[in-house]
Amino acid sequence: MEEKSNGPKEDGNRRTNNNTVIPGPTNPMVTPLLSDLYQFTMAYAYWKAGKHNERAVFDLYFRKNPFGGEYTIFAGLEECIRLIANFKFTAEEIAFIRSSLPKTCEDGFYDYLRGVDCSDVKVYAVPEGSVAFPKVPLMRVEGPIAVVQLVETPFLNLINYASLVATNSARHRFVAGKSKVLLEFGLRRAQGPDGGIGASKYSYMGGFDATSNVEAGRLFGIPIKGTHSHAFVSSFMSLDEIMEKSLQSRDGSSTCEDFVSLVQTWLSKIKWSHLIQGIFGETNESELAAFISYALAFPNDFLALVDTYDVMRSGIPNFCAVALALNDLGYKALGIRLDSGDLAYLSCETRKFFRTIEKEFGVPDFGKMGITASNDLNEETLDALNKQGHEVDAFGIGTYLVTCYAQAALGCVFKLVEINNQPRIKLSEDVSKVSIPCKKRCYRLYGKEGYPLVDIMTGENEPPPKVAERILCRHPFSESKRAYVVPQRVEELLKCFWPGSSDGAREELPSLKEIRDRCIQQLEQMRPDHMRRLNPTPYKVSVSAKLYDFIHFLWLNEAPVGELQ
Ligand SMILES: Nc1ncnc2c1ncn2[C@@H]1O[C@H](COP(=O)(O)OP(=O)(O)OP(=O)(O)O)[C@@H](O)[C@H]1O
Ligand SMILES: O=P(O)(O)OC[C@H]1O[C@H](OP(=O)(O)OP(=O)(O)O)[C@H](O)[C@@H]1O
Ligand SMILES: O=C(O)c1cccnc1
Ligand SMILES: [Mg+2]
């Protein structure tokens, strides 16, 4: 009989050497089989050649920042650590691999796979939520070559979209400005369930405030927020539909028996008021019925979608009538949502209307009523709205954010940089695709004004850059590009997040909120010219003089000399 399961622990979660439990990946589809077939065929060929336990070092990095920008947010690390902490093939998985590889593959390989885990693997990484730059390793994965290659594909899968959408979120936040509320509304348009969950998690990490995705709220503790849809408004036909018309005052001291009449009285007062007279005539009654019903359901959280029929002639006056009636009973309405039309113009007109109400009826703060806008928003439309001037307090953003419409993928790669202590290089006609060999250390050097100046990679055994000591930073491939830097602060970038079963210390996995705070803090400390949307200044990524010389020595060594006939 086949053994039932050889998973790590009865509860499926792996206990680490410092005895904390690291749960499995959030998505149960993330298993050791969530990899490319070629990782398994190579594993077999390594095993057959007796090479499978050779010690390899791989770097995971990207070559170019996304969205035409000059920075990237690193995200997805925790899910990678969850995968390797629990990396173990089940009997069923091994049976499937056996059925998928050629019959000629020897049984010993499957015995080997049965014993594979990541206790001999080490993962060094930049903390999740960090601002990161091209070519600098986001992760360095060391271990037996066959095992490390098996995790290449899931690691890239877990990092690429996560980092792309976190960066997209940070870019939307940058344009919207700190004071605006950003709501992620993308679940319905996301690339499947995992795309939707990932979008909510990593948009929050990148600086969004909340999501409409309830499951993401449950899984990650992200604040969940929402309004209502046009369907709710158009489902009502008339005020006669409202059967239960009473509403208790907020403090419970009295009850308004006919809230509908109270609203109608207010609508009439608004219509004939001195400052508003003539702006609107008859509003849409079915819309009013929808608003009243929503207010009766949520007197403390009343919010209305005002663009189903006509924003200024119906939605806004109807909303104000309900909000004023609620105000009589001690409740404070939250505001409105605009989902079509010219959002700059409509938000300004709406604000004027609210201020007029405040003045006319002496209701404090009515002019500050919340205005949410949505409808195919993206970086460009946010920028256009800013330039025109608008009165929106919160933006609901879906499709463009979660699908990363402006750029399909980040393009992180996983490259072998060392095997059995021998540095390896991958050459290319395209210099930007030449890999940087060696097991490396990476540092961020900060200048006098507190901004990061340059990232520098050195060989593993080189002495680290020191504060107040001049160091030569060289472009990895361009001979003439170099600069001396005297750092005021030196930050080592790669930290050990998975020491395997070795005694090394392991960085704790921070909460999502802590990662988000780190991300926001890191973005704030960047020099503004790296962050601007139009022609941002590239951030410098460099290597030490010693590593530079070694790269070029290896390059010459590995590149065949051409022959001219
Ligand atoms: N002031 C503005 N400046 C720039 N873009 C805007 C402005 N206001 C709205 N937009 C954007 O313009 C687009 C308008 O979409 P569209 O032309 O489909 O009209 P709509 O308002 O959605 O109409 P509909 O009533 O059919 O829903 C949206 O992407 C929206 O984000
Ligand atoms: O526009 P997005 O950035 O994707 O944000 C989410 C959108 O989803 C909802 O409506 P939906 O698009 O389903 O219908 P509608 O366009 O007809 O309002 C909502 O009203 C937003 O407009
Ligand atoms: O709550 C909302 O307003 C919402 C949620 C998802 C998509 N569009 C809007
Ligand atoms: Mg839409």
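Residue indices begin at 1 and follow the sequence shown. First listed ligand is number 1; within each ligand, the first listed atom is number 1.
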From [atom], is the closest protein heavy-atom distance below 4.0 Å?
atom: atom 26 (O) of ligand 1; answer: no
atom: atom 20 (O) of ligand 2; answer: yes
atom: atom 2 (C) of ligand 1; answer: yes
atom: atom 21 (O) of ligand 1; answer: yes
atom: atom 31 (O) of ligand 1; answer: yes
atom: atom 18 (O) of ligand 1; answer: no
atom: atom 11 (P) of ligand 2; answer: yes

Salt-bridge contact [X]-[Y] (side-chain N to carboxylate O under 4.0 Å):
X: Asp209; Y: Arg173; value: yes
X: Glu514; Y: Arg518; value: no
X: Arg189; Y: Asp376; value: no
X: Asp59; Y: Arg140; value: no
X: Asp310; Y: Arg313; value: yes

In terms of atom number and element, which parts of ligand 2 are under 4.0 angstrom from non-hydrogen atoms of [X]?
X: His230; answer: 18 (O)
X: Asp376; answer: 1 (O), 2 (P), 3 (O)
X: Thr399; answer: 2 (P), 3 (O), 4 (O)
X: Arg188; answer: 8 (O), 9 (C), 10 (O), 11 (P), 13 (O)
X: Arg337; answer: 19 (C), 20 (O)

Which protein heavy atom lies closest to [atom], and at what distance to 0.1 Å?
atom: atom 12 (O) of ligand 1; answer: Thr381 CG2, 4.8 Å
atom: atom 9 (C) of ligand 3; answer: Phe185 CD1, 3.3 Å
atom: atom 8 (N) of ligand 1; answer: Leu343 N, 2.9 Å
atom: atom 13 (C) of ligand 1; answer: Asn375 ND2, 4.6 Å
atom: atom 23 (O) of ligand 1; answer: Ser340 CB, 4.2 Å
atom: atom 5 (O) of ligand 2; answer: Gly398 N, 3.5 Å
atom: atom 1 (O) of ligand 3; answer: Thr227 N, 2.8 Å
atom: atom 9 (C) of ligand 1; answer: Gly341 O, 3.2 Å
atom: atom 7 (C) of ligand 2; answer: Arg189 NH1, 4.2 Å

Name of the residue among Ser435, Cys412, Pro134 meeting side chain to side chain contact (heavy atoms under 4.5 Å, CB included) with Tyr61 |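 That would be Ser435; it is the only one of Ser435, Cys412, Pro134 passing the side chain to side chain contact (heavy atoms under 4.5 Å, CB included) with Tyr61.
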Of the listed options (His228, Arg189, Arg188), which comes nearest to atom 7 (C) of ligand 3 when hydrogens are ignored and any heavy atom counts?
->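 Comparing heavy atoms across His228, Arg189, Arg188, the nearest one to atom 7 (C) of ligand 3 lies in Arg188.
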With ring pair (Phe, Tyr, Trp, His ring centres under 6.0 Å) as the test, would you mind laying out the steps for Phe236 and Tyr294 before giving the verdict?
-> CA-CA 11 Å; Phe236 286 82; Tyr294 209 67; 9.5 Å; no
Going by the order shown, which atoms of ligand 1 are within less than 4.0 Å of some heavy atom of Ala344?
->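 Ligand 1 atoms under the 4.0 Å threshold to Ala344: 1 (N).
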Which atoms of ligand 1 have any heavy atom of Leu385 under 4.0 Å away?
->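 Selected atoms, number and element: 1 (N), 2 (C), 7 (C).
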Does Ser212, backbone or side chain, put an N or O under 3.5 Å from an N or O of ligand 3?
->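 No, there is no polar N/O contact under 3.5 Å.
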Ile357 to Ile276 - nearest heavy-atom pair and separation =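 Result for this residue pair: CD1-CD1, 3.7 Å.
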State, to 0.1 Å, how close Thr283 and Pro317 come at their nearest heavy-atom pair, and which atoms those are.
->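 So the minimum-distance heavy-atom pair works out to CG2-CB, 3.9 Å.
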Given that the side chain starts at C-beta and the backbone is N, CA, C, O, which of these parts of His228 lies under 4.0 Å from ligand 2, counting heavy atoms, or is it both or neither?
->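 Neither part.
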Pairwise distance NZ(Lys540) to OG1(Thr537) - rounded to 0.5 angstrom |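 The distance works out to 8.0 Å.
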Stepwise salt bridge (charged side-chain N to carboxylate O under 4.0 Å, His left out) test for Glu508 and Lys495 = CA-CA 10 Å; Glu508 288 301 321; Lys495 309 238 158 77; over 6 Å; no
Quick one: does NZ or CZ of Arg533 land under 6.0 Å from the six-membered ring centre of Phe174, within 45 degrees of the ring axis?
->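 Not flagged: Arg533 not positioned over aromatic ring of Phe174.
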Looking only at distance, does [X] have an N or O less than 3.5 Å from an N or O of ligand 1?
X: Ala384; value: no
X: Asp342; value: yes
X: Leu377; value: no

Is any N or O atom of Ile397, backbone or side chain, closer than 3.5 Å to an N or O atom of ligand 2?
->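 There is no such contact.
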Which one holds for Gln388 and ligand 1: side chain close, backbone close, both close, or neither close, with close meaning a heavy atom under 4.0 Å?
->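 Only the side chain of Gln388 comes within reach of ligand 1.
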Does ligand 1 have a heavy atom under 4.0 Å from the side chain of Asp339, from its backbone, from both, or from neither?
->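 None of Asp339 does.
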Knowing that exactly one of Thr227, Asp307, Thr372 qualifies, which makes a side chain to side chain donor-acceptor pair (under 3.5 Å) with Arg337?
->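 Result for side chain to side chain donor-acceptor pair (under 3.5 Å) with Arg337: Thr227.
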Less than 6.0 Å separating the ring centroids of Phe395 and His390?
->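 Ring-ring flag for Phe395/His390: true, centres closer than 6.0 Å.
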With respect to Phe302, which candidate in Phe259, Tyr331, Phe319 satisfies the ring-ring contact (aromatic ring centres under 6.0 Å, His included) definition?
->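 It is Phe319; the other options fail the test.
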What residue among Phe354, Trp266, Phe366 forms ring-ring contact (aromatic ring centres under 6.0 Å, His included) with Phe361?
->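 Output: one option passes, namely Trp266.
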